[in-house]
Asks: 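Can you keep this structure in mind? I'll have questions shortly.
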Amino acid sequence: MSKCILVTGGFGFMGSDFIRFLLEETDYTIVNLDTLSYAANKNNLVVHSRLSSYIIDVCDKEFVEKLFEKHHFSKVVHFAAETHVDRSIGNPEVFLHSNVTGTVMLLEMIRKFKDTHFHFISTDEVYGDLKHKGGDFKLDSPFRPSSPYAASKASADMYCQAYRRTYDLNITISRSGNNFGPYQNAEKLIPTMIHKAIAGEPLTLYGDGLNMRDWIYVRDHSKAVWKILEQRDFGSIYHLGTGMEKTNIEVVNQICKEVSRQMGKETKSEIVFVEDRPGHDFRYSLDLTQTKASLGDICTVDFNQGIAYITESILKD
């Protein structure tokens with residue numbers, strides 16, 4: 001079997017961490033496809049003899065098919081996606097192209113190369129939100145996406161399930177909580193707030209700041225995805241989370257504490273509440289029973305430790 005893996009979106013935050021993990025921990029040859037959109041950064045990856053990168057839209061069927069014919073990928077991990085909820089509200093059509101059409105095009109490739117294991121990176125946002133502080137999303141919970149972004153990921157997720165059932169393809173899916181870690185695009189909550197806290201700028205939060213998220217450190221996510229690829233339990237869906245639920249206020253307060261500690265002085269930043277965004281989900285929480293049974297405890301970096309790593313990285317820059 002080929003020791004070559006295709007990673008889409010490899011210049012992005014999560015995709016690049018997964019590629020760095022592969023280069024450090026495996027002997028696989030890696031092909032990276034990325035459109036190099038605003039959220040991607042070529043500097044997220046270094047030149048390596050086992051890594052080839054192509055700046056190309058995954059919807060370019062002719063080019064992608066030639067890559068499949070050349071490399072006969074044993075595994076494909078599909079990270080590539082537009083992910084920013086606010087941007088999806090302003091321009092939803094872009095998310096349809098990248099997140100839905102791109103996924104279907106890759107699934108069509110897998111129909112032709114049926115020995116390939118295709119893993120789709122989904123999200124807990126496909127379920128919508130929990131409007132209370134108790135309970136979790138189960139693997140069979142209905143999809144109720146709240147934003148165009150979440151709707152596009154839910155559609156792609158369902159296409160993967162349909163292709164698995166209709167064509168008996170080697171497909172697995174993971175739905176994760178919020179990833180955080182170094183190299184994350186500066187517009188995301190945690191890096192945004194760290195930069196503002198360092199500069200002493202106001203820390204703006206939507207609504208009352210009590211929205212809750214499950215946070216998973218990006219390298220823990222990468223390791224969990226690799227475990228899924230090794231298990232090859234086709235047709236399975238996994239929840240990748242940690243149970244580290246934090247309100248946005250708790251996140252920002254920890255950032256201020258850590259920034260102040262590492263700078264050796266108190267940040268001058270203060271929290272400012274602004275009008276909530278449309279359709280803002282209150283809480284996500286994933287039932288991790290199946291994940292722990294299949295993959296074990298995937299959390300090795302707790303939230304405060306992760307914030308310390310990211311703050312240190314940003315201050316060094």
Side-chain angles (χ1 to χ4, degrees), residues 1-12 14-15 18-19 21-22 26 28-35 50-83 95-123 126 139 143 151-176 221-222 224-240 294-295:
M1 182 177 289
S2 168
K3 294 282 286 186
C4 189
I5 183 169
L6 173 65
V7 178
T8 70
F11 284 130
M14 294 167 64
F18 184 68
I19 289 176
F21 167 79
L22 292 175
T26 80
Y28 270 74
T29 300
I30 306 149
V31 174
N32 166 36
L33 292 186
D34 200 303
T35 59
R50 289 193 285 120
L51 173 63
S52 300
S53 293
Y54 299 90
I55 311 302
I56 195 77
D57 189 336
V58 74
C59 294
D60 188 333
K61 182 178 179 180
E62 182 178 353
F63 184 88
V64 174
E65 187 165 9
K66 287 180 180 178
L67 283 180
F68 270 81
E69 291 171 347
K70 177 181 178 181
H71 296 283
H72 296 280
F73 302 111
S74 60
K75 310 175 194 298
V76 173
V77 185
H78 184 33
F79 286 92
E82 295 284 344
T83 63
F95 287 71
L96 178 65
H97 174 80
S98 296
N99 299 359
V100 183
T101 304
T103 301
V104 173
M105 201 288 301
L106 284 172
L107 290 169
E108 283 295 298
M109 288 296 109
I110 304 304
R111 284 184 66 190
K112 297 181 179 181
F113 299 86
K114 294 193 69 170
D115 290 336
T116 303
H117 180 179
F118 180 82
H119 183 73
F120 178 65
I121 305 296
S122 190
T123 171
V126 299
L139 285 169
F143 284 8
S152 69
K153 292 295 285 187
S155 177
D157 189 314
M158 294 178 75
Y159 265 108
C160 291
Q161 295 180 62
Y163 269 67
R164 164 65 187 172
R165 177 161 180 169
T166 302
Y167 305 112
D168 193 28
L169 303 182
N170 300 337
I171 294 173
T172 51
I173 298 169
S174 57
R175 301 172 188 148
S176 77
H221 180 271
S222 294
V225 169
W226 183 246
K227 285 184 179 181
I228 294 169
L229 293 174
E230 288 188 308
Q231 287 185 354
R232 294 172 60 82
D233 190 6
F234 305 132
S236 290
I237 301 173
Y238 301 81
H239 281 166
L240 301 184
S294 300
L295 306 179

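Any value given below was found using the heavy atoms of this structure, including those in side chains, with hydrogens, waters and symmetry copies removed. We count residues from 1, following the sequence as given.
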Asks: If you measure from CD1 on I56 to CG on D34, what distance do you get to the nearest 0.5 Å?
Replies: 11.0 Å
Asks: Any side-chain heavy atom of Y54 sitting closer than 4.5 Å to one from L67?
Replies: yes
Asks: Atom OG of S222 and atom CG of L22: how far apart are they, to the nearest 0.5 Å?
Replies: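 Nearest 0.5 Å value for the OG-CG distance: 8.0 Å.
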Asks: First locate atom CD1 of I121, then atom OG of S174, and finally report the distance between them rounded to the nearest 0.5 Å.
Replies: 4.0 Å
Asks: Does R111 form a side chain to side chain contact (heavy atoms under 4.5 Å, CB included) with L107? I'd like the steps, not just the answer.
Replies: CA-CA 6 Å; R111 284 184 66 190; L107 290 169; 6.0 Å; no
Asks: Determine the minimum heavy-atom distance between N32 and S53, stating which atoms define it.
Replies: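 Heavy atoms only, the tightest pair is ND2-OG, 3.1 Å.
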Asks: When you measure from the side chain of S122 to the backbone of I173, do you find a donor-acceptor pair of N or O atoms at a distance under 3.5 Å?
Replies: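 The answer is no, because no donor-acceptor pair under 3.5 Å joins these two groups.
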Asks: Can you tell me which residue among I30, T29, V7 is in a side chain to side chain contact (heavy atoms under 4.5 Å, CB included) with L51?
Replies: I30
Asks: Go through the structure and list residues passing side-chain contact (heavy atoms from CB on, under 4.5 Å) with D168, not counting sequence neighbours.
Replies: R164
Asks: Between F63 and D57, does a side chain to side chain contact (heavy atoms under 4.5 Å, CB included) hold up when you go through it step by step?
Replies: CA-CA 9 Å; F63 184 88; D57 189 336; over 6 Å; no
Asks: For side chain to side chain contact (heavy atoms under 4.5 Å, CB included), just list the numbers for F21 and V225, CA-CA rounded to whole Å, side-chain angles, deciding distance to a tenth of an Å, and then say yes or no.
Replies: CA-CA 11 Å; F21 167 79; V225 169; over 6 Å; no
Asks: Provide the closest heavy-atom pair for L240 versus A224 in the form atom of the first, atom of the second, distance.
Replies: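 Where L240 meets A224 most closely, the heavy atoms are CD2-CB, 3.9 Å.
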Asks: V64 and M109: which non-hydrogen atoms are nearest, and at how many Å?
Replies: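 V64 and M109 have their closest heavy atoms at CG1-CG, 4.0 Å.
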Asks: For residues 60-73, which residue pairs qualify under side-chain hydrogen bond (donor to acceptor under 3.5 Å, both in side chains), counting only residues two or more places apart or in two chains?
Replies: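 Of all non-adjacent pairs touching residues 60-73, those that pass side-chain hydrogen bond (donor to acceptor under 3.5 Å, both in side chains) are E65-K112.
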Asks: How about M158: does its CE atom have over 12 heavy atoms from other parts shown lying under 6.0 Å from it?
Replies: no
Asks: Can you name the ring pair (Phe, Tyr, Trp, His ring centres under 6.0 Å) partners of F113, sequence neighbours left out?
Replies: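 Once residues adjacent in sequence are excluded, the partners of F113 under the ring pair (Phe, Tyr, Trp, His ring centres under 6.0 Å) criterion are F68.
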Asks: With F120, which residues qualify under ring pair (Phe, Tyr, Trp, His ring centres under 6.0 Å), at least two apart?
Replies: H78
Asks: Compare all side-chain heavy atoms of V31 with those of F73 and state whether any distance is below 4.5 angstrom.
Replies: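 V31 vs F73: side chains touch.
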Asks: Parallel, tilted or perpendicular for F79 and F18, by the 30°/60° rule?
Replies: tilted
Asks: When you look at I110 and N170, which way does the side chain to side chain contact (heavy atoms under 4.5 Å, CB included) test go after all the steps?
Replies: CA-CA 8 Å; I110 304 304; N170 300 337; 5.9 Å; no
Asks: Quick check: does any side chain N or O of D115 sit under 3.5 Å from a backbone N or O of S74, one acting as donor and the other as acceptor?
Replies: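 The answer is no, because no donor-acceptor pair under 3.5 Å joins these two groups.
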Asks: Just how far is it from atom OG1 of T172 to atom CD1 of I237, taken to the nearest 0.5 Å?
Replies: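 These two atoms lie 9.5 Å from each other.
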Asks: Any idea how Y28 and W226 line up, ring-wise: parallel (<30°), tilted (30 to 60°), or perpendicular (>60°)?
Replies: perpendicular
Asks: With a 4.5 Å limit on heavy-atom distance, are the side chains of L229 and I5 in contact?
Replies: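 In short, these two side chains touch, coming nearer than 4.5 Å.
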Asks: H239: what forms a ring pair (Phe, Tyr, Trp, His ring centres under 6.0 Å) with it, not counting sequence neighbours?
Replies: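 H239 satisfies ring pair (Phe, Tyr, Trp, His ring centres under 6.0 Å) with Y127 only.
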Asks: Counting only N and O atoms by type, is there a donor-acceptor contact under 3.5 Å from the side chain of K153 to the main-chain atoms of T123?
Replies: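 No; zero donor-acceptor contacts below 3.5 Å.
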Asks: Can you confirm whether K75 sits close enough to H119 that some side-chain heavy atom of one is under 4.5 Å from a side-chain heavy atom of the other?
Replies: no
Asks: Given side chains that start at C-beta, do those of Y163 and V104 come closer than 4.5 Å, heavy atoms only?
Replies: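 Y163 reaches V104 side chain to side chain.
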Asks: Looking at CG of L96 and OG of S155, how far apart are the two atoms once the value is rounded to the nearest 0.5 Å?
Replies: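 L96 atom CG to S155 atom OG measures 7.5 Å (nearest 0.5 Å).
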Asks: So do the side chains of Q231 and Y238 get within less than 4.5 Å of each other, counting heavy atoms only?
Replies: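 Yes - at least one pair of side-chain heavy atoms lies under 4.5 Å apart.
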Asks: Can you name the residues that form a side-chain contact (heavy atoms from CB on, under 4.5 Å) with T101, not counting sequence neighbours?
Replies: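 Listed in chain order: C59.
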Asks: Indicate yes or no for a side-chain donor-acceptor contact from T103 to the backbone of N99 under 3.5 Å, with no hydrogens or angles considered.
Replies: yes
Asks: Out of curiosity, E230 CD to L295 CG, how far, rounded to the nearest 0.5 Å?
Replies: 10.5 Å
